[in-house]
J.: 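What follows is a structure written as structure tokens; I'll ask about it next.
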Amino acid sequence: MRNWLGNILYNIKASKKWDKKLFYYQFLPVLPNVAATYLGLLLPAKLVQGLEEGWEIQKLLAFIFVIYLGMCLLKMLDKGMSEYLYRNYPTLTMYYEKLCYSKVMRLDYRMLEEPETGKLMGNTWNVLRNEFGFRSSLCGVPQILSSMAGIGWYGILIARKSFVIILLALANTLLSTLFMSMLRKNQEKLHKKVGTYSKRTAYVSRESMDRQAGKDIRMYQMTDLLLKKYDQALTDMGSIFRQIHNGAFLRAAGEALVTFLVNGFSYFYLITLLVKGEMSASAFVLYMGLVGSLSGYFAQLMEQLVTLNPVSVSISYIRQFLALPERADWSARGVGEEKLMELKREGVRVEFQKVSYTYPGTEEPVLRNVDLTIGPGEKLALIGLNGAGKTTLVKLLCGFYRPGSGRILINGIPVSDFCREEYFEGISVLFQDATLLPMTLDFNLTGKAPEEIDRKRLAWALKVSGFWEKYQSLPQKGESLLVREVNGGVDFSGGEKQKLLFARALYKEAPLMILDEPTAALDPIAENEMYLKFNEAAKGRTCLYISHRLSSTRFCDRILLMEEGEVKEEGTHQELMAKGGRYRQLFELQSRYYREQEEQKRRNAFMEG
């Protein structure tokens with residue numbers, strides 16, 4: 001009960017932060033609602049009393065008019081505020097969405113890949129898509145408060161005539177609370193299962209509308225399979241919801257039976273008083289109305305408490321998600337501006353000391369006792385076949401993960417001593433799966449507002465990357481919008497996109513630069529040319545090049561070959577070739593493959609000529 005109340009109060013406070021009217025209109029309708037209902041009971045009772053006592057017709061009509069006018073005004077107030085809650089509840093959903101989207105972008109990256117976080121996120125997104133729950137949360141509060149006020153007021157009036165009726169009503173309430181508690185516990189268990197199936201349906205929905213996935217879905221005729229998976233997830237979700245609804249039905253049936261017995265006794269008791277002459281006809285009419293309304297308020301209270309129960313569960317998911325630690329892996333104070341300037345001035349030295357890492361939920365380490373040093377200004381190539389651990393090492397160096405054992409130092413300082421913003425400011429990365437945002441080209445290149453952009457630095461980065469001509473050819477140049485699917489913006493070829501991302505990395509001017517196989521989709525010659533350009537532009541900076549193509553990194557100061565999460569060989573290209581080890585074997589194998597490809601191209605060209 002404490003958690004339930006805490007979640008509802010949290011939601012009420014959130015409504016105040018977002019829209020003060022949403023907050024106050026949950027409380028203000030209580031008085032006009034209860035007062036209008038009471039006047040509705042008082043009207044027939046006073047009419048009977050007037051007839052009993054022989055009131056003059058003018059007095060009787062005037063009394064009826066005043067009561068009726070008061071009822072109308074109070075109901076208008078109640079209706080107006082309730083209508084505002086009903087019409088504006090979607091904005092509270094958007095407020096929560098904003099909080100959750102902001103939260104997910106601030107979380108430490110490693111948390112996004114943890115199974116428990118993924119499950120919580122699935123439940124949270126499922127909640128945010130259910131606007132009905134937030135409507136119930138806003139419109140239900142004034143009904144609960146009105147019910148409580150009505151029960152209190154009518155209870156006092158009825159207790160003056162018969163305390164037995166109040167005891168029976170109290171017993172009804174206790175039984176209803178018991179039924180509701182049993183239902184709430186059952187719903188909490190069942191709602192946790194919904195998140196898993198919700199993630200599956202969301203995945204199919206997302207992939208079905210993705211342009212890249214669309215080619216594979218059509219070419220390999222995956223439509224029926226995906227729809228089958230979607231239907232199965234819906235079937236499983238439907239089974240859970242049936243259990244939830246069946247529980248709600250049983251609770252409602254039990255409450256209806258108890259209420260029938262309590263009201264039956266109450267009416268029998270009042271009729272007995274009337275027959276014995278111990279109660280006037282007008283009082284009988286009033287108390288019959290009070291008992292019926294008291295029962296109605298009890299029913300409304302239980303109904304709203306049950307309705308708010310899944311809302312409470314929903315709010316608890318949001319609260320849990322928003323309470324996740326954002327910077328658990330980072331220092332709050334950081335190393336300070338002076339130390340950062342020293343890093344930029346003297347260059348970055350990277351040290352991996354016995355670093356191992358195992359992904360959550362797996363047993364086999366991806367990296368095993370990696371010892372690695374990159375000196376200031378050094379160009380280091382990290383090569384190996386797919387699955388060797390190269391990308392995991394990059395994520396560790398970027399601060400996205402923390403080593404399972406060992407440590408990573410930057411100029412002798414543990415990574416965890418930096419604050420997150422300090423550390424990310426010092427690194428520029430070209431990821432193999434980089435993302436462009438549906439915003440202007442200049443924002444994608446710099447991450448800054450137009451007035452904050454260093455135009456000379458941007459022009460230099462564009463020219464060095466080879467993207468300058470394309471940039472200048474666009475009618476709106478840097479103001480061109482990107483991502484065609486979102487806003488009809490411009491689109492680029494694979495090679496142009498790589499040059500754009502290259503320019504973005506250069507513009508940042510970070511002292512540590514990483515290329516994590518960003519050119520995997522390019523041919524070896526184009527990749528080599530891009531790496532050489534990047535090497536020229538990044539003089540004086542510490543650089544790490546990741547590739548599974550050995551020929552593209554011969555220019556580096558050192559080359560490290562990784563296999564099965566370990567550094568197997570180390571040296572320059574010439575030194576490694578002279579050793580005649582695994583590096584030479586892979587290099588010659590790849591060279592032969594590329595030579596055969598070129599020979600095939602020449603043959604095809606000759607045949608076509």
Side-chain angles (χ1 to χ4, degrees), residues 347-352 355 367 370-398 400 408 410 426-434 461 464-466 495 497-506 508-563 565-577 582-583 586-587 590-591 594:
V348 171
R349 176 185 178 87
V350 177
E351 295 177 78
F352 278 63
V355 171
L367 297 178
V370 174
D371 281 311
L372 166 65
T373 300
I374 313 175
E378 184 180 13
K379 308 295 185 293
L380 180 72
L382 190 64
I383 62 174
L385 300 178
N386 291 335
K390 306 185 300 296
T391 296
T392 301
L393 187 145
V394 168
K395 289 180 178 179
L396 286 165
L397 181 56
C398 289
F400 294 154
I408 303 173
I410 302 295
I427 302 178
S428 185
V429 190
L430 268 76
F431 293 110
Q432 56 182 297
D433 52 355
V464 172
S465 69
K497 181 179 178 182
Q498 296 303 329
K499 292 176 182 179
L500 186 162
L501 297 171
F502 181 14
R504 179 165 74 180
L506 291 175
K508 192 175 181 182
E509 289 191 330
L512 174 60
M513 306 189 74
I514 303 171
L515 275 73
D516 180 19
E517 297 192 274
T519 56
L522 302 181
D523 62 68
I525 295 175
E527 181 185 57
N528 186 59
E529 290 177 352
M530 182 175 176
Y531 274 11
L532 290 174
K533 281 185 178 181
F534 196 92
N535 183 56
E536 183 67 23
K539 281 185 177 179
R541 305 180 200 179
T542 304
C543 295
L544 177 63
Y545 299 84
I546 313 296
S547 180
H548 64 276
R549 289 171 177 163
L550 282 63
S551 59
S552 299
T553 54
R554 289 178 294 176
F555 65 89
C556 290
D557 300 318
R558 278 189 301 141
I559 299 173
L560 270 66
L561 173 66
M562 288 192 70
E563 281 190 337
E566 298 178 342
V567 177
K568 296 293 187 180
E569 297 181 16
E570 178 181 353
T572 63
H573 172 72
Q574 292 77 12
E575 291 171 347
L576 292 173
M577 291 296 289
R582 180 64 169 158
Y583 176 87
L586 292 173
F587 185 86
Q590 286 189 356
S591 297
Y594 293 138

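Count residues from 1 along the sequence.
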J.: Flag the pair Leu515 / Ile546 as yes when at least one side-chain heavy-atom distance between them is below 4.5 Å, and no otherwise.
T.: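 They are not in side-chain contact.
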
J.: List for me each residue that meets side-chain contact (heavy atoms from CB on, under 4.5 Å) alongside Lys497, sequence neighbours excluded, and say none if there are none.
T.: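 Per chain and number, Lys497 pairs via side-chain contact (heavy atoms from CB on, under 4.5 Å) with Leu436, Leu501.
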
J.: Quick one: pull up NZ in Lys379 and SG in Cys543 and give me the separation to the nearest 0.5 Å.
T.: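 Going from the NZ atom of Lys379 to the SG atom of Cys543 covers 4.5 Å.
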
J.: Please report the interatomic distance CG(Leu506) to CG(Leu430), rounded to the nearest 0.5 Å.
T.: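 If I round to the nearest 0.5 Å, the distance is 8.0 Å.
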
J.: Working to the nearest 0.5 angstrom, can you tell me the gap between Asp557 CG and Thr572 OG1?
T.: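 Asp557 CG to Thr572 OG1: 10.0 Å, rounded to 0.5 Å.
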
J.: With a 4.5 Å limit on heavy-atom distance, are the side chains of Thr542 and Arg349 in contact?
T.: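 A side-chain contact under 4.5 Å is absent here.
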
J.: Take Lys568 and Tyr583, measure what side chain to side chain contact (heavy atoms under 4.5 Å, CB included) needs, and give me the verdict at the end.
T.: CA-CA 9 Å; Lys568 296 293 187 180; Tyr583 176 87; over 6 Å; no

J.: Identify the heavy atoms of Ala503 and Ser465 that sit nearest to each other, and give their distance.
T.: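 Scanning both residues completely, I find the closest heavy atoms to be CB-OG, 3.4 Å.
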
J.: Do Leu393 and Leu544 come within less than 4.5 Å of each other through their side chains, counting heavy atoms only?
T.: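 A side-chain contact under 4.5 Å exists here.
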
J.: So, for Ile374 and Leu380, which heavy atoms are closest and what is the spacing to 0.1 Å?
T.: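 The pair with the smallest heavy-atom distance is CG1-CD2, 3.5 Å.
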
J.: Is Leu397 close to Leu512 at the side-chain level, that is, under 4.5 Å between some pair of heavy atoms?
T.: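 The answer is yes; the side chains approach within 4.5 Å.
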
J.: Do Leu396 and Leu367 come close enough that some side-chain heavy atom pair is under 4.5 Å?
T.: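 With C-beta onward as the side chain, the pair touches.
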
J.: Without swapping roles, check the side chain of Lys390 against the backbone of Gly384 for a donor-acceptor pair under 3.5 Å.
T.: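 Between the backbone of Gly384 and the side chain of Lys390 there is a qualifying donor-acceptor contact (under 3.5 Å).
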
J.: Indicate the atoms forming the closest heavy-atom contact of Cys398 with Ile514, along with that distance.
T.: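 Smallest heavy-atom distance, with atoms named: SG-CD1, 4.0 Å.
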
J.: Side chains of Leu372 and Val567: does their closest heavy-atom pair fall under 4.5 Å?
T.: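 Contact flag for Leu372/Val567 side chains = no.
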
J.: Enter the distance from Ile383:CD1 to Phe587:CZ here, rounded to the nearest 0.5 Å.
T.: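 So the CD1 of Ile383 and the CZ of Phe587 are separated by 9.5 Å.
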
J.: Could you tell me which residues satisfy salt bridge (charged side-chain N to carboxylate O under 4.0 Å, His left out) with Glu575, sequence neighbours excluded, listed by chain and number?
T.: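 Glu575: no salt bridge (charged side-chain N to carboxylate O under 4.0 Å, His left out) contacts found.
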
J.: Roughly how far, to the nearest 0.5 Å, is CE of Met562 from CD of Glu570?
T.: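 Result: 12.0 Å between the selected atoms.
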
J.: Tell me whether Glu569 is salt-bridged to Arg582, with the criterion being a basic N under 4.0 Å from an acidic carboxylate O.
T.: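 Not counted as a salt bridge, because no side-chain N and carboxylate O are separated by less than 4.0 Å.
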
J.: Do you know the tightest heavy-atom contact between Cys556 and Tyr545?
T.: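 For Cys556 and Tyr545, the tightest heavy-atom pair comes out as SG-CD1, 3.6 Å.
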
J.: About how many Å separate CZ of Arg504 and OG of Ser428, when rounded to the nearest 0.5 Å?
T.: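 So the OG of Ser428 and the CZ of Arg504 are separated by 8.5 Å.
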
